[in-house]
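Right, one structure below, let's go through it.
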Number of protein chains: 2
Amino acid sequence: MAVTLGLDFGTNSVRALLVDCRDGSELGTCVVPYPSGDQGVLLDPRDPHLARQHPGDYLKTLKQSMAGALAAARKARPDFDPASVIGIGVDTTGSSPIPVDRQNRPLALSDRFRETLAAQCWLWKDHTSHEEAARITALARKHRPHYTARCGDTYSSEWFWSKIWHCLNTAPEVFDAAASWVEFADWIPSVLAGVTDPAQVVRGVCAAGHKAMYAKDWGGLPDEEFLALLDPKLAALRPRLYQEAHDASTPAGSLCPEWADRLGLPAGIPIAIGEFDVHYGAIGSGVEEGVLVKVIGTSTCDCAVVSADKKIGDIPGICGIVEGAILPGFYGIEAGQSAVGDIFKWWVEGVCRGDASLHEALTAEAAALRPGQSGLLALDWNNGNRTILVDQRLTGLLLGQTLHTSRAEIYRALIEATAFGARIILERIEDYGVPVRQIVCAGGIAEKNPLLMQIYADITGREMRIARSSQACALGAAVAASVLAGSAAGGHDSFPAAQQAMTGLKEIVYRPDPAASRTYERLHQLYQQVHDAFGGVATVDLGRIMKELLAIKEEASR
Amino acid sequence: MAVTLGLDFGTNSVRALLVDCRDGSELGTCVVPYPSGDQGVLLDPRDPHLARQHPGDYLKTLKQSMAGALAAARKARPDFDPASVIGIGVDTTGSSPIPVDRQNRPLALSDRFRETLAAQCWLWKDHTSHEEAARITALARKHRPHYTARCGDTYSSEWFWSKIWHCLNTAPEVFDAAASWVEFADWIPSVLAGVTDPAQVVRGVCAAGHKAMYAKDWGGLPDEEFLALLDPKLAALRPRLYQEAHDASTPAGSLCPEWADRLGLPAGIPIAIGEFDVHYGAIGSGVEEGVLVKVIGTSTCDCAVVSADKKIGDIPGICGIVEGAILPGFYGIEAGQSAVGDIFKWWVEGVCRGDASLHEALTAEAAALRPGQSGLLALDWNNGNRTILVDQRLTGLLLGQTLHTSRAEIYRALIEATAFGARIILERIEDYGVPVRQIVCAGGIAEKNPLLMQIYADITGREMRIARSSQACALGAAVAASVLAGSAAGGHDSFPAAQQAMTGLKEIVYRPDPAASRTYERLHQLYQQVHDAFGGVATVDLGRIMKELLAIKEEASR
């Protein structure tokens with residue numbers, strides 16, 4: 001038996017997952033929440049945009065989750081031997097950069113900066129640097145339009161350079177003390193590999209290409225002349241970051257004796273390059289050319305791959321197209337919706353003040369409605385629009401309400417809104433040459449909400465499938481580890497072979513209902529009009545839209 | 001002491017009010033709910049548009065409420081003598097036509113039609129005849145554009161001809177049995193006056209002019225040629241309706257001995273012409289040229305008057321401009337919002353599932369917000385738009401919501417939406433030459449919700465006053481009765497004199513706050529854009545609106 005380990009560092013906890021390389025069966029898993037702050041997140045009561053994490057939490061919980069997973073595996077299979085673990089894969093949130101010293105130690109682990117928020121890991125959802133992001137966007141559009149073209153024309157406050165620049169602007173002592181900055185996804189593998197010099201950290205192209213404007217064709221990171229337009233100190237930092245970033249065919253290193261001892265695993269086993277959670281999640285869900293993976297949770301991330309032999313250009317409004325970001329030899333294409341589950345949670349818990357049982361009751365009530373029957377149309381922009389408008393400064397919209405509109409009708413309209421948003425993304429990538437033969441969903445909402453899945457099928461007109469594993473991210477990391485270990489060690493020699501063996505789909509298939517799809521086709525036209533009008537895409541005549549919704553409602557109510 | 005009686009027939013109950021003619025003090029009052037149906041309204045489970053009332057309810061409750069008011073007056077003033085009652089005024093809902101036989105008896109009181117819904121009073125909010133209304137609008141626009149020009153360019157399903165035609169189309173046996181149709185507001189005075197022939201019923205110009213396309217300048221009701229385009233049977237009905245309609249200077253008759261006996265009042269006292277509740281409500285609130293009266297309840301009705309000597313033309317989108325409809329010698333101008341209190345009720349009770357205590361809690365929370373702080377903007381069209389768009393087929397809209405938007409923020413946004421709608425009406429009538437020097441509000445919401453009143457002041461930039469009497473409608477009817485009785489009998493010789501003596505304002509004044517008004521000025525511009533875009537008035541570029549709301553929100557939150 002050959003086993004690989006997937007480590008999935010999420011927003012609130014870390015998961016360790018031991019996977020049998022032969023068939024992807026999960027031998028043992030364990031989740032440990034980060035101990036610090038609010039559910040692992042360090043907050044600042046004076047600034048709602050701030051979200052940081054203490055890097056020490058990662059190391060402590062990594063050890064605990066590993067021990068838990070090993071114990072679970074031993075319990076499930078008494079013959080399990082930790083010596084059969086042949087490789088490690090790591091995924092994390094991102095962009096979550098960490099300032100480190102010359103020994104690759106996070107500044108936050110030093111006495112000087114232990115309590116300093118700017119010295120912690122800058123969690124992906126930290127938005128303190130929105131002004132820097134706007135400035136970078138403006139400067140890049142003017143001086144280096146190709147930089148932003150590849151990230152949807154807008155550089156985000158969630159990303160690498162915005163955060164580092166904000167640190168320079170607001171906590172210069174931290175900036176000055178940092179020898180380098182390392183993405184969370186790169187830092188964990190480097191720790192396991194015993195790397196004690198940030199220059200030696202193997203950087204993944206996933207984080208570099210999607211979040212740091214890295215591209216081989218323009219020579220790596222943004223050039224110093226451009227960075228000097230931001231701040232000369234950023235230009236001076238560039239050589240201390242990295243010159244090259246790698247895809248998952250390059251190992252991040254091999255397990256150092258110290259961490260092998262700590263984790264109870266064999267020293268020297270290969271460690272795969274770190275990728276973001278959804279990217280390895282796409283691999284764990286079976287992504288390949290023609291398969292779109294949608295990870296549906298609080299927000300949604302869409303991943304697809306296209307062979308690097310094909311020349312696909314920039315796709316307007318798509319946040320990132322990065323060669324090797326998901327699978328080696330393929331462009332990785334990432335899109336997403338800024339809020340999905342979060343919108344339902346807002347409605348049910350925030351507005352209706354209910355709990356899980358109200359989620360269930362409203363779902364049941366909403367499921368009894370026919371498409372179009374509510375007369376409502378909503379925009380899914382309560383947290384802005386990531387794809388295809390790439391605009392944080394958009395908000396929600398609901399229209400069509402009467403004096404009889406119920407909370408369940410609004411609940412359903414919000415689900416439908418996220419489905420219309422999903423269709424817009426799907427159509428955009430297909431229009432620009434990304435084939436989508438099959439859609440595979442992953443994430444808690446996909447598994448738990450059949451109503452949503454059916455509405456997605458009806459609105460997109462596509463079958464919806466669900467990834468077999470509920471731990472697709474950790475599984476994808478384990479897949480990457482198995483490829484790195486190779487068939488000689490009991491792993492696999494290619495991603496397709498590893499995915500074929502280790503990943504799969506659940507049996508359930510959500511098929512579009514033709515009658516529902518016809519009604520939703522009409523509603524989608526209206527959604528598109530409102531989307532374009534409020535998204536600033538076009539000036540649209542909206543004078544008939546309420547009447548058309550009423551007409552659809554009346555037909556649906558007959 | 002001279003006393004007049006105001007009888008106010010509302011949607012769910014009747015109120016009798018005894019008023020001292022010297023100073024308007026209220027001697028005694030009593031409200032009795034109608035016994036039939038759902039809170040007095042006969043419904044059809046198969047048709048949500050249907051709303052009828054049993055005319056027998058009116059007579060039964062009239063007697064009860066009169067007895068109650070007399071008892072209350074005797075209790076309050078032991079020296080009170082019913083013989084001091086010198087006149088009666090009546091207001092009712094409308095357009096609420098009643099089919100009657102040759103004896104002016106409602107068909108619904110006959111054995112044959114007692115259970116027949118089409119033979120009952122067709123309550124104002126009955127919308128079963130929307131198809132007939134659309135057909136009348138289309139035919140009038142084509143053949144008699146001046147007919148609809150005076151009622152906002154659209155003939156409503158709530159009005160006289162739509163309802164009668166719908167009766168003809170769906171219950172021809174009732175139509176054929178009807179000798180005539182009498183408005184509720186005309187029928188009650190005719191009963192009190194002992195009129196036993198529908199041709200002898202004195203018709204008020206208020207109902208005739210606002211709801212039946214009656215105008216002196218084109219010879220009364222719509223001509224037979226036009227009615228024949230609808231249906232020849234309607235043309236044949238015309239001579240059995242009425243040739244002339246009157247303002248409040250003409251009496252509807254005098255109290256017949258039979259009803260004098262039933263009510264315990266002196267026989268022979270004059271009965272004023274019937275008007276709609278809000279019209280007499282305007283009089284009871286002190287309407288005169290320059291004063292706009294807003295009756296704010298489940299919906300809002302705005303009333304103003306302009307001297308008939310002035311030539312004011314049609315005002316686009318204003319439902320009705322009828323000479324003598326409110327005060328003799330003045331054009332009565334009526335506008336309104338289809339839902340105001342109903343929208344708050346929908347939100348608090350329908351969506352948030354709360355009761356009166358939640359209304360209070362949300363009001364307190366909403367009052368703590370600064371203008372613009374919610375980032376929200378709503379349209380007040382959950383029940384369509386009466387003025388100035390005159391379009392039932394419009395619906396609600398809410399925009400600007402984030403993942404943190406609270407139910408109290410939405411509650412406040414809905415209040416603001418109704419205030420923006422009120423401002424649109426105010427600006428429209430002023431633009432067309434109706435002077436507004438003072439705004440006087442009446443109705444439960446005006447009295448009970450200081451937050452709403454302050455928002456109305458801030459958004460309109462005008463002082464808001466409140467009518468002194470909480471029974472402005474019944475008081476206005478009593479004022480009309482006092483004028484009819486005249487000073488010789490202890491009443492008054494003119495409406496200004498009677499209003500001067502009998503009506504007044506509460507002390508409280510809601511004054512616009514300059515800072516709030518500045519913020520609301522910006523929000524009103526955005527409201528206007530969304531109003532025009534979804535109202536079909538104009539094609540508007542809405543691409544910046546969410547960003548502008550966010551900018552206002554951020555400024556307001558500082």
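Just so it is clear, the values below take in all heavy atoms, side chains as well, and ignore hydrogens, waters and symmetry mates. Below, chain A is the first sequence line, B the second, and so on; all start at residue 1.
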May I ask you to check whether over 12 heavy atoms, not counting those of [X], lie within 6.0 Å of atom [atom1]?
X: B/Lys547; atom1: NZ; result: yes
X: B/Arg135; atom1: CZ; result: no
X: B/Lys448; atom1: NZ; result: no
X: A/Glu131; atom1: CD; result: no

With a 4.5 angstrom heavy-atom cut-off, which part of [X] approaches chain B: side chain, backbone, both or neither?
X: A/Leu379; value: side chain
X: A/Ile545; value: side chain
X: A/Glu554; value: side chain

Enter the distance from [X]:[atom1] to [Y]:[atom2] here, rounded to the nearest 0.5 Å.
X: A/Leu403; Y: B/Trp347; atom1: CG; atom2: CH2; result: 13.5 Å
X: A/Leu399; Y: B/Leu398; atom1: CG; atom2: CG; result: 10.5 Å
X: A/Leu377; Y: B/Leu397; atom1: CG; atom2: CG; result: 10.0 Å
X: A/Leu394; Y: B/Thr402; atom1: CG; atom2: OG1; result: 13.0 Å
X: B/Asn383; Y: A/His404; atom1: CG; atom2: NE2; result: 7.5 Å

| Among A/Lys345, A/Glu409, A/Arg393, A/Arg544, who wins on heavy-atom pairs under 4.5 Å with chain B? | A/Arg393
| field | Leading residue by heavy atom contact count with chain B [cutoff under 4.5 Å; candidates A/Gly400, A/Gly375, A/Gly350] | value | A/Gly400
| field | pair B/Thr395-A/Thr405: side-chain heavy atoms closer than 4.5 Å | value | no
| query | Are any of the side-chain heavy atoms of B/Met546 and A/Asn385 separated by less than 4.5 Å? | reply | no
| Among B/Ile343, B/Val537, B/Val351, B/Asp391, which has the most heavy-atom pairs under 4.5 Å with chain A? | B/Val351
